[in-house]
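Start at 1 and go down the list; that is how both ligands and their atoms are numbered.
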Amino acid sequence: MQSFIPSKRTLMGPGPSDVSERILSAMARPTLGHLDPEFQRMMDEVKGGLKDLFQTENRLTFPVSAPGSAGMETCFLNLVEEGDTVVVVRNGVFGDRMRENIVRAGGIAVLVDVQWGEAPDLADVEAALEAHSEAKILAFVHAETSTGVLADAEALCKLAQAHNCLTIVDAVTSLGGVPVRMDAWGIDAIYSGSQKCLSCTPGLSPVSFSEKALDKVRARTSPVRSWFLDLTLVMNYWDGEGGRSYHHTAPVNALYALHEALVMISEEGLEAAWQRHQTTHTALAAGLEAMGLKFLVDADIRLPMLNAVIVPEGVDEASVRAHLLAAFDLEIGAGLGPMAGKVWRIGLMGSSATPANVELCLTALADALNRHQYPASGAAALAAAKSVFAA
Ligand SMILES: *Cc1c(COP(=O)(O)O)cnc(C)c1O
(Lines give C-alpha, C1' and ligand atoms only; values in the text may rest on other atoms or scores of the structure.)
Protein backbone atom coordinates (compact mmCIF):
# COMPACT_ATOMS: atom_id res chain seq x y z
CA MET A 1 0.00 0.00 0.00
CA GLN A 2 0.94 3.64 -0.44
CA SER A 3 -0.22 6.86 1.16
CA PHE A 4 -3.54 8.10 -0.14
CA ILE A 5 -3.35 11.59 -1.63
CA PRO A 6 -6.85 12.78 -2.56
CA SER A 7 -7.51 15.22 -5.42
CA LYS A 8 -8.44 18.77 -4.53
CA ARG A 9 -12.15 19.02 -5.26
CA THR A 10 -14.73 21.73 -4.80
CA LEU A 11 -17.61 20.17 -2.92
CA MET A 12 -21.00 21.54 -3.93
CA GLY A 13 -23.16 18.52 -3.27
CA PRO A 14 -25.46 17.65 -0.35
CA GLY A 15 -22.48 17.36 2.02
CA PRO A 16 -19.71 17.06 2.94
CA SER A 17 -18.92 20.67 2.11
CA ASP A 18 -15.48 22.19 1.56
CA VAL A 19 -13.22 21.99 4.62
CA SER A 20 -10.78 24.85 5.01
CA GLU A 21 -7.03 24.46 5.58
CA ARG A 22 -7.57 26.09 8.94
CA ILE A 23 -9.86 23.29 10.10
CA LEU A 24 -7.68 20.58 8.56
CA SER A 25 -4.62 21.91 10.34
CA ALA A 26 -6.53 22.06 13.65
CA MET A 27 -7.14 18.36 13.16
CA ALA A 28 -3.43 17.69 12.71
CA ARG A 29 -2.55 18.98 16.23
CA PRO A 30 -1.17 16.52 18.80
CA THR A 31 -3.64 14.01 20.12
CA LEU A 32 -4.40 14.38 23.83
CA GLY A 33 -5.87 11.76 26.09
CA HIS A 34 -9.63 12.18 26.06
CA LEU A 35 -9.73 12.48 29.85
CA ASP A 36 -6.86 15.04 29.91
CA PRO A 37 -8.04 18.19 31.73
CA GLU A 38 -6.80 20.31 28.83
CA PHE A 39 -8.94 18.33 26.40
CA GLN A 40 -11.91 18.54 28.73
CA ARG A 41 -11.62 22.33 28.82
CA MET A 42 -11.82 22.30 25.04
CA MET A 43 -14.88 20.05 25.23
CA ASP A 44 -16.58 22.58 27.48
CA GLU A 45 -15.96 25.25 24.85
CA VAL A 46 -17.39 22.96 22.16
CA LYS A 47 -20.56 22.54 24.23
CA GLY A 48 -20.80 26.32 24.71
CA GLY A 49 -20.30 26.96 20.98
CA LEU A 50 -22.98 24.42 20.11
CA LYS A 51 -25.42 26.05 22.54
CA ASP A 52 -24.88 29.36 20.74
CA LEU A 53 -25.45 27.66 17.39
CA PHE A 54 -28.66 25.94 18.48
CA GLN A 55 -29.68 29.12 20.35
CA THR A 56 -30.35 27.14 23.49
CA GLU A 57 -29.56 27.12 27.16
CA ASN A 58 -29.96 23.34 27.32
CA ARG A 59 -27.34 21.81 29.57
CA LEU A 60 -27.28 18.60 27.57
CA THR A 61 -25.83 19.88 24.30
CA PHE A 62 -22.90 17.95 22.86
CA PRO A 63 -21.57 16.27 19.71
CA VAL A 64 -22.35 12.56 19.32
CA SER A 65 -19.17 10.74 18.23
CA ALA A 66 -20.57 9.68 14.86
CA PRO A 67 -22.27 11.26 11.82
CA GLY A 68 -25.71 12.88 11.63
CA SER A 69 -27.49 9.55 11.38
CA ALA A 70 -26.19 8.70 14.86
CA GLY A 71 -27.61 11.97 16.19
CA MET A 72 -30.92 10.92 14.63
CA GLU A 73 -30.74 7.54 16.37
CA THR A 74 -29.77 9.17 19.66
CA CYS A 75 -32.95 11.26 19.56
CA PHE A 76 -35.31 8.47 18.53
CA LEU A 77 -33.88 5.61 20.57
CA ASN A 78 -33.85 7.64 23.77
CA LEU A 79 -37.19 9.41 23.40
CA VAL A 80 -39.32 6.73 21.77
CA GLU A 81 -40.29 3.83 23.98
CA GLU A 82 -42.10 0.61 23.06
CA GLY A 83 -45.68 1.49 22.08
CA ASP A 84 -45.20 5.28 21.87
CA THR A 85 -47.06 6.94 19.02
CA VAL A 86 -45.03 9.44 17.02
CA VAL A 87 -46.44 11.67 14.28
CA VAL A 88 -43.79 12.02 11.60
CA VAL A 89 -43.79 14.27 8.56
CA ARG A 90 -42.42 12.55 5.45
CA ASN A 91 -41.56 14.89 2.58
CA GLY A 92 -38.33 13.28 1.48
CA VAL A 93 -35.67 10.68 2.24
CA PHE A 94 -34.85 11.87 5.73
CA GLY A 95 -38.45 11.94 6.92
CA ASP A 96 -38.64 8.30 5.88
CA ARG A 97 -35.51 7.53 7.88
CA MET A 98 -37.25 9.06 10.89
CA ARG A 99 -40.12 6.62 10.38
CA GLU A 100 -37.63 3.76 10.22
CA ASN A 101 -36.04 4.92 13.48
CA ILE A 102 -39.42 5.13 15.23
CA VAL A 103 -40.34 1.60 14.20
CA ARG A 104 -36.95 0.21 15.23
CA ALA A 105 -37.32 1.88 18.63
CA GLY A 106 -40.60 -0.03 19.08
CA GLY A 107 -42.80 3.00 18.45
CA ILE A 108 -45.84 3.46 16.22
CA ALA A 109 -45.28 5.91 13.36
CA VAL A 110 -48.22 7.97 12.16
CA LEU A 111 -47.18 9.36 8.79
CA VAL A 112 -48.08 12.75 7.39
CA ASP A 113 -47.07 12.33 3.77
CA VAL A 114 -46.21 15.34 1.69
CA GLN A 115 -45.33 15.35 -1.98
CA TRP A 116 -41.58 15.57 -2.53
CA GLY A 117 -40.57 19.15 -3.22
CA GLU A 118 -43.37 20.58 -1.09
CA ALA A 119 -43.38 21.87 2.46
CA PRO A 120 -45.13 20.08 5.34
CA ASP A 121 -48.81 21.01 5.33
CA LEU A 122 -49.71 22.48 8.72
CA ALA A 123 -53.38 21.55 8.42
CA ASP A 124 -52.50 17.91 7.68
CA VAL A 125 -50.11 17.80 10.65
CA GLU A 126 -52.77 19.31 12.90
CA ALA A 127 -55.33 16.77 11.68
CA ALA A 128 -52.94 13.91 12.45
CA LEU A 129 -52.25 15.26 15.94
CA GLU A 130 -55.99 15.63 16.53
CA ALA A 131 -56.77 12.14 15.26
CA HIS A 132 -54.00 10.70 17.47
CA SER A 133 -54.40 12.27 20.89
CA GLU A 134 -52.22 9.42 22.21
CA ALA A 135 -49.23 10.78 20.22
CA LYS A 136 -46.29 11.77 22.40
CA ILE A 137 -43.91 13.22 19.83
CA LEU A 138 -43.99 15.16 16.56
CA ALA A 139 -40.92 14.60 14.36
CA PHE A 140 -39.94 16.47 11.22
CA VAL A 141 -36.99 17.50 9.08
CA HIS A 142 -36.24 21.22 9.16
CA ALA A 143 -34.20 21.28 5.93
CA GLU A 144 -35.01 18.30 3.65
CA THR A 145 -31.73 17.76 1.82
CA SER A 146 -33.27 15.30 -0.62
CA THR A 147 -35.59 17.94 -2.09
CA GLY A 148 -34.32 21.34 -0.97
CA VAL A 149 -37.40 22.29 1.08
CA LEU A 150 -37.45 24.31 4.30
CA ALA A 151 -40.17 23.43 6.83
CA ASP A 152 -41.80 26.06 9.05
CA ALA A 153 -40.24 24.71 12.23
CA GLU A 154 -41.69 27.38 14.47
CA ALA A 155 -45.28 26.70 13.36
CA LEU A 156 -44.83 22.92 13.56
CA CYS A 157 -43.46 23.20 17.11
CA LYS A 158 -46.45 25.34 18.10
CA LEU A 159 -48.81 22.66 16.81
CA ALA A 160 -46.91 20.01 18.76
CA GLN A 161 -47.08 22.05 21.96
CA ALA A 162 -50.80 22.65 21.51
CA HIS A 163 -51.21 18.87 21.41
CA ASN A 164 -48.88 18.07 24.31
CA CYS A 165 -46.25 16.51 22.12
CA LEU A 166 -42.50 16.74 22.35
CA THR A 167 -40.64 17.61 19.14
CA ILE A 168 -37.71 15.90 17.45
CA VAL A 169 -36.19 18.06 14.73
CA ASP A 170 -33.61 17.12 12.08
CA ALA A 171 -31.38 20.18 11.67
CA VAL A 172 -28.52 18.38 9.91
CA THR A 173 -28.59 20.67 6.89
CA SER A 174 -30.21 23.76 8.41
CA LEU A 175 -27.87 24.42 11.34
CA GLY A 176 -25.47 27.25 10.56
CA GLY A 177 -27.16 28.08 7.25
CA VAL A 178 -30.61 29.35 8.23
CA PRO A 179 -32.03 30.41 11.62
CA VAL A 180 -32.51 27.54 14.09
CA ARG A 181 -33.91 28.79 17.41
CA MET A 182 -34.24 25.80 19.65
CA ASP A 183 -35.47 27.52 22.82
CA ALA A 184 -37.59 30.23 21.20
CA TRP A 185 -39.41 27.66 19.06
CA GLY A 186 -39.60 25.11 21.89
CA ILE A 187 -37.76 22.24 20.18
CA ASP A 188 -37.19 19.34 22.61
CA ALA A 189 -34.62 17.24 20.79
CA ILE A 190 -32.48 18.27 17.85
CA TYR A 191 -29.63 16.76 15.90
CA SER A 192 -27.27 18.08 13.26
CA GLY A 193 -24.10 17.13 11.41
CA SER A 194 -20.59 18.57 11.31
CA GLN A 195 -20.08 18.33 7.54
CA LYS A 196 -22.84 20.51 6.12
CA CYS A 197 -23.21 24.19 7.03
CA LEU A 198 -20.67 23.95 9.88
CA SER A 199 -17.84 23.46 7.33
CA CYS A 200 -16.22 20.77 9.44
CA THR A 201 -15.05 17.27 8.55
CA PRO A 202 -17.75 14.55 8.58
CA GLY A 203 -18.22 12.29 11.57
CA LEU A 204 -19.78 14.29 14.42
CA SER A 205 -23.40 14.99 15.22
CA PRO A 206 -24.24 17.91 17.50
CA VAL A 207 -27.37 17.23 19.57
CA SER A 208 -29.32 19.03 22.28
CA PHE A 209 -32.15 18.02 24.62
CA SER A 210 -34.62 20.11 26.60
CA GLU A 211 -35.43 19.32 30.24
CA LYS A 212 -38.83 18.00 29.09
CA ALA A 213 -37.09 15.61 26.73
CA LEU A 214 -34.74 14.43 29.47
CA ASP A 215 -37.71 13.92 31.82
CA LYS A 216 -39.12 11.52 29.25
CA VAL A 217 -35.80 9.69 29.03
CA ARG A 218 -35.55 9.48 32.83
CA ALA A 219 -39.11 8.15 33.07
CA ARG A 220 -38.41 5.23 30.73
CA THR A 221 -39.42 1.84 32.06
CA SER A 222 -37.28 -0.07 29.56
CA PRO A 223 -33.59 0.40 28.75
CA VAL A 224 -32.61 2.36 25.64
CA ARG A 225 -32.10 -0.12 22.81
CA SER A 226 -28.52 0.97 22.19
CA TRP A 227 -25.68 0.91 24.66
CA PHE A 228 -23.53 3.40 22.72
CA LEU A 229 -26.25 6.01 22.22
CA ASP A 230 -27.96 5.67 25.63
CA LEU A 231 -28.08 9.25 26.92
CA THR A 232 -28.16 8.21 30.54
CA LEU A 233 -24.69 6.67 30.02
CA VAL A 234 -23.24 9.21 27.56
CA MET A 235 -24.16 12.02 29.95
CA ASN A 236 -21.58 10.75 32.43
CA TYR A 237 -18.88 11.55 29.93
CA TRP A 238 -20.19 14.81 28.49
CA ASP A 239 -21.95 16.11 31.54
CA GLY A 240 -20.50 14.08 34.43
CA GLU A 241 -20.79 15.51 37.94
CA GLY A 242 -17.43 15.92 39.64
CA GLY A 243 -15.31 14.88 36.67
CA ARG A 244 -15.99 12.85 33.60
CA SER A 245 -15.83 9.12 33.48
CA TYR A 246 -14.95 6.85 30.61
CA HIS A 247 -17.80 5.93 28.28
CA HIS A 248 -16.08 5.63 24.90
CA THR A 249 -12.90 7.13 23.50
CA ALA A 250 -13.82 10.54 22.13
CA PRO A 251 -12.66 11.23 18.55
CA VAL A 252 -10.13 13.72 19.90
CA ASN A 253 -8.78 15.21 16.68
CA ALA A 254 -12.21 15.37 15.06
CA LEU A 255 -13.32 17.43 18.04
CA TYR A 256 -10.40 19.84 17.48
CA ALA A 257 -11.84 20.34 14.01
CA LEU A 258 -15.33 21.02 15.35
CA HIS A 259 -13.89 23.43 17.92
CA GLU A 260 -12.12 25.34 15.14
CA ALA A 261 -15.28 25.36 13.01
CA LEU A 262 -17.17 26.88 15.95
CA VAL A 263 -14.44 29.51 16.39
CA MET A 264 -14.77 30.38 12.70
CA ILE A 265 -18.55 30.71 12.95
CA SER A 266 -18.27 32.95 16.00
CA GLU A 267 -15.72 35.13 14.17
CA GLU A 268 -18.00 35.50 11.17
CA GLY A 269 -21.15 35.85 13.29
CA LEU A 270 -24.08 33.48 12.99
CA GLU A 271 -26.36 36.03 11.34
CA ALA A 272 -23.65 36.94 8.83
CA ALA A 273 -23.30 33.24 8.01
CA TRP A 274 -27.06 32.96 7.41
CA GLN A 275 -26.87 36.02 5.17
CA ARG A 276 -23.93 34.59 3.21
CA HIS A 277 -25.91 31.41 2.51
CA GLN A 278 -28.88 33.49 1.35
CA THR A 279 -26.85 35.79 -0.90
CA THR A 280 -24.88 33.00 -2.57
CA HIS A 281 -28.15 31.14 -3.14
CA THR A 282 -29.81 34.19 -4.71
CA ALA A 283 -26.82 34.67 -7.02
CA LEU A 284 -26.71 30.99 -7.99
CA ALA A 285 -30.45 31.00 -8.67
CA ALA A 286 -30.14 34.11 -10.86
CA GLY A 287 -27.37 32.43 -12.86
CA LEU A 288 -29.23 29.15 -13.25
CA GLU A 289 -32.39 30.93 -14.33
CA ALA A 290 -30.39 32.95 -16.87
CA MET A 291 -29.48 29.59 -18.42
CA GLY A 292 -33.15 28.63 -18.54
CA LEU A 293 -32.89 26.09 -15.72
CA LYS A 294 -35.77 25.60 -13.28
CA PHE A 295 -35.92 24.80 -9.57
CA LEU A 296 -37.88 21.88 -8.15
CA VAL A 297 -39.07 23.95 -5.19
CA ASP A 298 -41.07 27.20 -5.03
CA ALA A 299 -38.96 30.23 -4.09
CA ASP A 300 -40.66 30.89 -0.72
CA ILE A 301 -39.82 27.45 0.74
CA ARG A 302 -36.44 26.93 -0.94
CA LEU A 303 -33.35 26.09 1.07
CA PRO A 304 -30.46 28.43 0.38
CA MET A 305 -27.91 25.70 1.05
CA LEU A 306 -29.42 22.97 -1.12
CA ASN A 307 -30.59 23.83 -4.61
CA ALA A 308 -32.61 21.12 -6.38
CA VAL A 309 -32.40 21.96 -10.07
CA ILE A 310 -34.52 20.15 -12.68
CA VAL A 311 -32.48 18.29 -15.31
CA PRO A 312 -33.60 19.58 -18.73
CA GLU A 313 -35.42 17.16 -21.01
CA GLY A 314 -33.02 14.92 -22.94
CA VAL A 315 -29.91 15.75 -20.88
CA ASP A 316 -28.06 12.82 -19.27
CA GLU A 317 -27.72 14.03 -15.68
CA ALA A 318 -24.99 11.57 -14.64
CA SER A 319 -22.88 12.45 -17.65
CA VAL A 320 -23.09 16.16 -16.77
CA ARG A 321 -21.91 15.45 -13.21
CA ALA A 322 -19.09 13.28 -14.53
CA HIS A 323 -17.93 16.15 -16.76
CA LEU A 324 -18.01 18.62 -13.85
CA LEU A 325 -15.84 16.29 -11.80
CA ALA A 326 -13.39 15.41 -14.56
CA ALA A 327 -12.97 18.86 -16.10
CA PHE A 328 -13.53 21.17 -13.12
CA ASP A 329 -12.89 19.01 -10.02
CA LEU A 330 -16.38 20.06 -9.01
CA GLU A 331 -18.81 17.77 -7.22
CA ILE A 332 -22.56 18.35 -7.29
CA GLY A 333 -25.18 15.88 -6.06
CA ALA A 334 -27.59 13.58 -7.86
CA GLY A 335 -31.28 13.17 -7.06
CA LEU A 336 -32.26 10.67 -4.37
CA GLY A 337 -35.12 8.14 -4.42
CA PRO A 338 -37.96 9.29 -6.70
CA MET A 339 -35.84 12.30 -7.71
CA ALA A 340 -33.02 10.14 -9.11
CA GLY A 341 -32.24 11.20 -12.68
CA LYS A 342 -34.63 14.16 -12.42
CA VAL A 343 -32.69 16.77 -10.42
CA TRP A 344 -29.21 17.87 -9.54
CA ARG A 345 -28.63 18.94 -5.97
CA ILE A 346 -26.24 21.86 -5.77
CA GLY A 347 -25.00 22.55 -2.27
CA LEU A 348 -23.96 25.92 -0.91
CA MET A 349 -23.08 24.76 2.56
CA GLY A 350 -20.69 26.36 5.00
CA SER A 351 -17.30 27.10 3.43
CA SER A 352 -18.73 26.08 0.06
CA ALA A 353 -21.12 29.06 0.07
CA THR A 354 -18.84 31.61 -1.60
CA PRO A 355 -19.09 33.89 -4.65
CA ALA A 356 -16.10 32.07 -6.20
CA ASN A 357 -17.90 28.72 -5.92
CA VAL A 358 -21.10 30.14 -7.40
CA GLU A 359 -19.11 31.42 -10.37
CA LEU A 360 -17.21 28.16 -10.78
CA CYS A 361 -20.44 26.19 -10.69
CA LEU A 362 -22.19 28.37 -13.28
CA THR A 363 -19.19 28.32 -15.61
CA ALA A 364 -18.75 24.57 -15.30
CA LEU A 365 -22.44 23.80 -15.67
CA ALA A 366 -22.75 25.99 -18.79
CA ASP A 367 -19.76 24.17 -20.32
CA ALA A 368 -21.23 20.77 -19.46
CA LEU A 369 -24.70 21.64 -20.76
CA ASN A 370 -23.29 22.92 -24.05
CA ARG A 371 -21.60 19.53 -24.48
CA HIS A 372 -24.94 17.83 -23.81
CA GLN A 373 -27.02 19.46 -26.57
CA TYR A 374 -28.44 22.10 -24.22
CA PRO A 375 -27.36 25.58 -25.32
CA ALA A 376 -26.50 27.69 -22.28
CA SER A 377 -24.70 31.01 -21.99
CA GLY A 378 -22.11 30.91 -19.21
CA ALA A 379 -21.48 34.63 -19.72
CA ALA A 380 -25.14 35.53 -19.17
CA ALA A 381 -25.27 33.30 -16.09
CA LEU A 382 -22.15 34.90 -14.61
CA ALA A 383 -23.46 38.40 -15.29
CA ALA A 384 -26.74 37.56 -13.52
CA ALA A 385 -24.90 36.17 -10.48
CA LYS A 386 -22.46 39.07 -10.34
CA SER A 387 -25.25 41.60 -10.34
CA VAL A 388 -26.64 39.92 -7.18
CA PHE A 389 -23.25 40.11 -5.45
CA ALA A 390 -22.86 43.75 -6.51
CA ALA A 391 -26.28 44.75 -5.12
C1 LIG B 1 -26.98 14.42 5.65
C2 LIG B 1 -28.28 14.32 6.38
C3 LIG B 1 -28.50 13.35 7.39
C4 LIG B 1 -27.53 12.27 7.71
O5 LIG B 1 -26.30 12.74 8.13
P6 LIG B 1 -25.02 11.79 7.99
O7 LIG B 1 -23.94 12.63 8.58
O8 LIG B 1 -24.86 11.52 6.53
O9 LIG B 1 -25.27 10.55 8.77
C10 LIG B 1 -29.70 13.39 8.06
N11 LIG B 1 -30.65 14.30 7.78
C12 LIG B 1 -30.48 15.22 6.81
C13 LIG B 1 -31.57 16.20 6.55
C14 LIG B 1 -29.30 15.25 6.09
O15 LIG B 1 -29.13 16.15 5.14
Side-chain angles (χ1 to χ4, degrees), residues 11-19 50 53-54 62-77 88-102 104 114 116-120 139-153 156 167-178 180 187 189-208 226 228-229 251 254-255 257-258 261 277 281 296-297 301-308 331-337 339-340 343-350 352-353:
L11 301 179
M12 296 183 74
S17 55
D18 286 342
V19 179
L50 291 177
L53 261 186
F54 282 126
F62 69 97
V64 174
S65 303
S69 305
M72 183 187 267
E73 292 212 4
T74 303
C75 291
F76 285 95
L77 288 177
V88 56
V89 181
R90 181 167 65 175
N91 64 337
V93 165
F94 294 102
D96 192 56
R97 284 201 187 166
M98 285 182 148
R99 179 199 58 78
E100 177 84 26
N101 269 265
I102 294 160
R104 287 185 186 225
V114 183
W116 287 43
E118 309 218 334
F140 65 89
V141 179
H142 188 205
E144 212 355 303
T145 322
S146 60
T147 61
V149 167
L150 182 68
D152 185 344
L156 287 165
T167 45
I168 298 179
V169 177
D170 178 321
V172 176
T173 285
S174 56
L175 190 68
V178 291
V180 174
I187 296 169
I190 198 165
Y191 57 92
S192 189
S194 50
Q195 79 277 25
K196 301 201 180 179
C197 294
L198 308 190
S199 318
C200 186
T201 46
L204 292 171
S205 178
V207 294
S208 183
S226 161
F228 185 65
L229 301 175
L255 287 163
L258 181 59
H277 283 88
H281 159 73
L296 174 70
V297 174
I301 53 165
R302 235 177 244 169
L303 293 177
M305 71 288 277
L306 194 286
N307 298 267
E331 179 185 278
I332 66 167
L336 275 184
M339 294 292 144
V343 297
W344 291 298
R345 290 182 302 149
I346 303 178
L348 288 168
M349 299 183 177
S352 296

* Shortest non-hydrogen contact between Pro120 and Val89, atoms and distance -> CB-CG1, 3.7 Å

* Over all atoms of both residues, closest heavy-atom pair of Val297 and Thr147 -> CG2-O, 3.2 Å

Identify every side-chain donor-acceptor pair in residues 91-98 under 3.5 Å, counting partners at least two apart or on other chains, and give the distances.
unit_1 : atom_1 : unit_2 : atom_2 : d
Asn91  : ND2    : Glu118 : O      : 3.2
Asp96  : OD1    : Arg90  : NH1    : 2.8
Asp96  : OD1    : Arg99  : NE     : 2.9

* Go through the structure and list residues passing ring pair (Phe, Tyr, Trp, His ring centres under 6.0 Å) with Phe140, not counting sequence neighbours. => none

* Could you tell me which residues satisfy side chain to side chain contact (heavy atoms under 4.5 Å, CB included) with Ser194, sequence neighbours excluded, listed by chain and number? => Cys200, Leu204

* Ile332 side, atom CD1; Arg345 side, atom CZ - distance, nearest 0.5 Å -> 10.5 Å

* **Near ligand 1, at a heavy-atom separation below 4.0 Å: residues by chain and residue number** => Pro67, Gly68, Ser69, Phe94, Val141, Ala143, Thr145, Asp170, Val172, Thr173, Gln195, Lys196

